[in-house]
Asks: 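What follows is a structure written as C-alpha cells; I'll ask about it next.
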Amino acid sequence: MKFIRNYNNNAALVVDDHHVEWVVIGKGIGFGKKTGDLVDASKITQRFKSENTANIDNLGEYDKSIIDVTSDIVNDVESFLKVKFNDYQYLILADHINFAYERAKEHIEFTDRAVNWEVKKLFPKEYQAALRSIKIIDKDLKIKFAKDELVFLTYHFVNLENEKESLQDTIQVSKIIADIINIIQISYHKTLDDESFSYSRLVSHLRYFLIKKIKSNKPAGEQLDPSLLKLMIAKYPQENQTVQKISTFLRNTKGWALSSNDQMYLILHVWRVTHREN
C-alpha cells in the first residue's frame, strides 16, 4: 500500500496495488510519510474502504488519542465478547467516544440510574464489556467518563450482534423489554431471577422479537396449528393471562398485534422464567 495523505499520525489514506483507496488505522501509521511512500502493513490495526467519506472524514478532527483508545477498546471487546466490529460500527464507536470525551472535559453528565440498572440486568455480558472499556478510557485518556457512558457503550456492544440494528432501536427495545419484565413481575408478585438461564433466554427472545416488529412491515409468515395455542392456553392459564397483558401493552403503546405464534412462544417463556430452575 502507498501513502496518499494523513488524517492524523494514526490514520491515513492509502491506495493498494489494485488502485483501491483505504483508510488505515495504526499507531504512527502516517508519521513522516510523503505521498507515494510505502506503508508498513504490520502497523495496520484497522482498515476501511474509503467509500463512507462522511464518517471517515471525521477521523481527521479527532485527537490521535481517540483513535488509539477506540482501537484498544475494539480489540478488547472483540476478544471478550467473541464478536467482530465492521467498519461502520468502528467509526460510530470512535465518533461516540470523541463526543463523550468532549462532554467529559466540560463535566456534562446525563445520568439515569434506573436506565443504568435496567441495562445492567438486560445485557450483563455487554455491560461487563462496557466496564472494561471505561477502564481503558480512564487509563488511556486520563479522564473520567460520566457513569451514563456505561449505558451507551453497552448499547453499542449489543448492536454488534445485529448490523441492521441502530442505537435508537436498541434504546427503544431495552425500554420495552424492561416494561414487559415489570408486567410479568407484577402479575406474579415476584422478582425474577435475572441471573437465571430462563431470564437470559426471555430477554434474548424479546429482543429479537421486538427488533423484528420495529424493522418489518411484512405480514407474519407461516403460522403454527391454532390448536397448539389452545392447548397452551388450557395448560398455562396464568401465563396466558400475563401474555394478554403484554399484548394489550404493546397494542396500546406501539400499535403492534401479537400473532398466535408470538403468544405461544411468550407463554412458554413466561412459564419458564416464573418457575424455579432445578
Asks: Looking only at heavy atoms, what is the nearest atom pair of I66 and A94, with distance?
Replies: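 Shortest heavy-atom separation between I66 and A94 comes out as CG2-O, 3.8 Å.
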Asks: Could you tell me whether the side chains of E149 and H96 share a donor-acceptor contact shorter than 3.5 Å?
Replies: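 Yes.
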Asks: Classify the ring geometry between H205 and F209 as parallel (under 30°), tilted (30 to 60°) or perpendicular (over 60°).
Replies: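 H205 vs F209 ring planes: parallel.
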Asks: When you group the ILVMFWY residues by side-chain heavy-atom contacts below 4.5 Å and let the links chain together, are I143 and V69 in the same group?
Replies: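 Per the 4.5 Å side-chain linkage, V69 and I143 are co-clustered.
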Asks: One pair to check against side chain to side chain contact (heavy atoms under 4.5 Å, CB included): F123 and V151. What are the steps and the verdict?
Replies: CA-CA 10 Å; F123 310 111; V151 173; over 6 Å; no
Asks: Set out, in order, the CA-CA distance, both residues' side-chain angles and the distance that settles side chain to side chain contact (heavy atoms under 4.5 Å, CB included) for F157 and V83, then state yes or no.
Replies: CA-CA 9 Å; F157 302 154; V83 293; over 6 Å; no
Asks: Any link between I176 and I186 through a network of hydrophobic side chains (Ile, Leu, Val, Met, Phe, Trp, Tyr) touching at under 4.5 Å?
Replies: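 Cluster IDs for I176 and I186 differ.
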Asks: Evaluate the side-chain proximity of L258 to L266: yes if any heavy-atom separation is below 4.5 Å, no if none is.
Replies: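 Yes; the side chains approach each other to less than 4.5 Å.
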Asks: State the OG1-NE2 distance between T242 and H269, to the nearest 0.5 angstrom.
Replies: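 Going from OG1 on T242 over to NE2 on H269, the span is 14.5 Å.
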Asks: With a 4.5 Å heavy-atom cut-off, do V203 and I181 have their side chains touching?
Replies: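 The answer is yes; the side chains approach within 4.5 Å.
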Asks: So H275 and E239, do their side chains get closer than 4.5 Å, heavy atoms only?
Replies: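 Yes. Closest side-chain heavy atoms under 4.5 Å.
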Asks: Minimum heavy-atom separation for K33 and I29, please, with both atom names.
Replies: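 Scanning both residues, the minimum pair turns out to be CG-O, 3.8 Å.
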Asks: Side chains of Y155 and V173: closer than 4.5 Å at any heavy-atom pair?
Replies: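 They are not in contact (no side-chain heavy atoms under 4.5 Å apart), so the answer is no.
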Asks: List the steps, then state whether side chain to side chain contact (heavy atoms under 4.5 Å, CB included) holds for T253 with D179.
Replies: CA-CA 11 Å; T253 59; D179 288 336; over 6 Å; no
Asks: More than 12 non-hydrogen atoms from neighbouring residues, nucleotides or ligands closer than 6.0 Å to CG on N252, yes or no?
Replies: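 For N252, atom CG is crowded (more than 12 foreign heavy atoms under 6.0 Å).
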Asks: In Å, rounded to the nearest 0.5 Å, how long is the span from OG1 of T70 to CG of N75?
Replies: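 Reported value, rounded in 0.5 Å steps: 11.0 Å.
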Asks: Is there a chain of hydrophobic side chains (I, L, V, M, F, W, Y, each step under 4.5 Å between heavy atoms) that links F99 to L150?
Replies: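 They do not share one cluster, since no chain of ILVMFWY contacts under 4.5 Å joins F99 to L150.
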Asks: Tell me, do V14 and I44 make a side-chain contact under 4.5 Å, heavy atoms counted?
Replies: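 A side-chain contact is absent here, since even the closest heavy-atom pair is not under 4.5 Å.
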Asks: With distance as the sole criterion, is a donor-acceptor pair present between the side chains of D40 and S42 under 3.5 Å?
Replies: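 Yes.
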Asks: Can you find a pair of side-chain heavy atoms, one from K2 and one from D37, that are under 4.5 Å apart?
Replies: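 Not in contact.
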Asks: Assess the residue pair D262 and K213 against the criterion (salt bridge (Lys or Arg N to Asp or Glu O under 4.0 Å)); give the C-alpha distance rounded to whole Å, side-chain angles, the decisive distance to 0.1 Å, and a yes or no.
Replies: CA-CA 11 Å; D262 296 333; K213 285 287 186 184; 3.8 Å; yes
Asks: Give the ring-plane orientation class for F145 versus Y101, where under 30° counts as parallel, over 60° as perpendicular and anything between as tilted.
Replies: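 Plane angle between 30° and 60°, so tilted.
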Asks: Can you measure from CD1 (I183) to CD (Q244) and round to the nearest 0.5 angstrom?
Replies: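 Rounded to the nearest 0.5 Å, the CD1-CD separation comes to 12.0 Å.
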Asks: Find the distance between CD (Q172) and CD1 (I177) and round it off to the nearest 0.5 Å.
Replies: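 Between atom CD of Q172 and atom CD1 of I177 there are 11.0 Å.
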Asks: Test of understanding: clusters of I, L, V, M, F, W, Y form through side-chain heavy atoms closer than 4.5 Å, transitively. Do F31 and I4 belong to the same one?
Replies: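 They do not share one cluster, since no chain of ILVMFWY contacts under 4.5 Å joins F31 to I4.
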Asks: So which atom in L153 and which in S133 form the shortest heavy-atom distance, rounded to 0.1 Å?
Replies: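 Between these two residues, the closest heavy atoms are CD1-CB, 4.1 Å.
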Asks: For L122 and S174, which heavy atoms make the closest approach, and how far apart are they?
Replies: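 That closest heavy-atom pairing would be CD1-O, 3.5 Å.
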Asks: Let me see the working for T274 and Q238 under side chain to side chain contact (heavy atoms under 4.5 Å, CB included), right down to the final yes or no.
Replies: CA-CA 11 Å; T274 54; Q238 186 177 4; over 6 Å; no
Asks: To the closest 0.5 Å, what do you measure between CD1 (I171) and CG (N159)?
Replies: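 The distance works out to 9.0 Å.
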Asks: If you define the side chain from C-beta out and look only at heavy atoms, does anything of L202 sit under 4.5 Å from I184?
Replies: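 Sidechains of I184 and L202: in contact.
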Asks: Can you check whether V158's main-chain N or O pairs, donor with acceptor, with R207's side chain at less than 3.5 Å?
Replies: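 Yes, because the side chain of R207 sits within donor-acceptor range (under 3.5 Å) of the backbone of V158.
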Asks: Which atoms form the tightest heavy-atom contact between Y90 and F85, and what is the distance?
Replies: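 Closest approach of Y90 to F85: N-CD2, 4.0 Å.
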Asks: Heavy atoms only: give me the nearest L192-Q185 pair and the separation to one decimal.
Replies: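 Looking at all heavy atoms of both residues, the closest pair is N-OE1, 3.0 Å.
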Asks: Side chains of K144 and D138: does their closest heavy-atom pair fall under 4.5 Å?
Replies: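 Yes, their side chains come closer than 4.5 Å.
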Asks: Do any N or O atoms from the side chain of Q89 and from the backbone of N86 form a donor-acceptor pair under 3.5 angstrom?
Replies: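 Yes.
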Asks: Rounded to the nearest 0.5 Å, how far apart are OH of Y199 and OG of S204?
Replies: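 Going from the OH atom of Y199 to the OG atom of S204 covers 11.0 Å.
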